[in-house]
Amino acid sequence: MLYSVISCTFLFNVILPANSTEREVRVYSGRHYNTDRSVYKKFAEETGIKVRLIEAAGISLVERLKREGKNSQADLILLVDAARITNAAKANLLQKIESSSLENDVPAGLKDPGKEWYALTRRVRVMVANPKVVDVSKITNYSDLADPALKGKVCLRNRKSPYNQSLVANQIVNKGQEATKAWLNGMISNVSQPFFPGDISIVRAVSKRKCGVGLVNHYYVARMLAGVNGRRDTLYSRKTSVITPTPAHVNISAGGVAKYAKNKAEAVKLLEFLASPKGSKGLAAPTFEHPLKEVNQNQIVKNFGEFTPDGVTVEELGNNNAMALRMMREAGWD
Ligand SMILES: [Fe+2]
């Protein structure tokens with residue numbers, strides 16, 4: 001596989017409603033946010049369906065599903081990133097479901113035309129810059145990261161990150177292969193240090209002036225500013241500016257019913273709940289993501305500016321993932 005295993009630790013947790021019945025749904029989740037549990041709890045209270053949660057990094061969940069095959073206990077699969085969910089469908093780990101409520105609640109472009117997966121939340125790939133290192137007014141779009149004026153000043157997360165793979169796929173769809181290749185070559189030649197392991201480390205490096213600008217998902221900066229990661233990260237993040245490109249590349253977290261789900265009806269019901277306006281907001285509000293149809297109302301996120309999604313569908317991002325990876329490798333993106 002192309003991804004590395006980030007974590008093999010599986011947390012097992014049972015959330016019981018007040019009047020538990022025999023009905024249950026087992027969720028394999030790559031969404032590593034404790035706040036999701038309150039949404040499951042609400043679902044359990046409203047429906048009487050128990051939610052059993054198994055959390056792990058997205059790729060290890062996918063590997064586990066492949067290994068378990070027909071014996072898998074998973075009913076509902078939740079993953080972050082367009083490439084991960086579309087690859088799960090391609091690997092035949094999901095099944096087609098018929099649900100008018102999902103079709104109504106999930107906007108076009110954020111769901112599988114084959115009805116195997118549906119987006120639940122949205123996240124914007126933004127640029128984070130240090131005004132003391134770079135001229136922020138000259139950086140408005142992803143393409144500006146290839147500007148020779150930024151020589152030695154660009155920090156990037158490593159190629160394994162599906163977030164960057166999806167951004168490159170997005171640029172392939174928007175601009176074509178030739179322009180994307182030129183952009184990659186220019187941007188990579190502006191990188192002067194080893195590629196970073198995560199988005200948070202990019203924000204820290206930018207704030208410490210180890211570089212001037214990097215690419216991150218917007219909610220990482222929001223979480224740091226809000227103090228979720230502790231005071232030191234709050235101070236770091238305050239030294240940075242977030243630049244939201246117009247239009248912006250929007251990625252998703254998404255869910256689908258497992259191929260061999262033993263509790264299919266319950267899994268569909270939970271997926272419908274999570275994709276509903278109330279459910280999507282319940283997932284996205286505390287994590288600083290955006291719900292499917294609204295914008296996160298937290299002032300920290302609002303300060304990043306409005307964003308206009310560039311219209312590339314999640315399906316297109318998935319279809320261009322292999323090409324994106326190949327082009328990243330060829331450009332020297334390690
Ligand atoms: Fe993330």
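Quantities reported herein were computed from a predicted structural model and do not represent experimental measurements. Atoms within each ligand, like the ligands themselves, are counted from 1 in listed order. All values below come from the heavy atoms of this structure, side chains included, with hydrogens, waters and symmetry mates left out.
Between the side chains of Asp144 and Thr140, at least one donor-acceptor pair of N or O atoms lies under 3.5 Å. Judged purely by distance below 3.5 Å, without hydrogens or angles, the side chains of Arg122 and Asn251 never pair a donor atom with an acceptor atom.
Among Val168, Val312, Leu317, the one residue that satisfies the side chain to side chain contact (heavy atoms under 4.5 Å, CB included) test with His249 is Leu317. Partner of Lys111 under the salt bridge (charged side-chain N to carboxylate O under 4.0 Å, His left out) criterion, out of Glu103, Glu116, Glu315: Glu103 alone.
Considering only heavy atoms from C-beta on, Met127 comes within 4.5 Å of Leu145 through its side chain.
Less than 6.0 angstrom separates the ring centroid of Phe307 from the ring centroid of His290.
Each protein N, O or S atom less than 2.8 Å from the Fe ion (ligand 1) was counted, giving 3.
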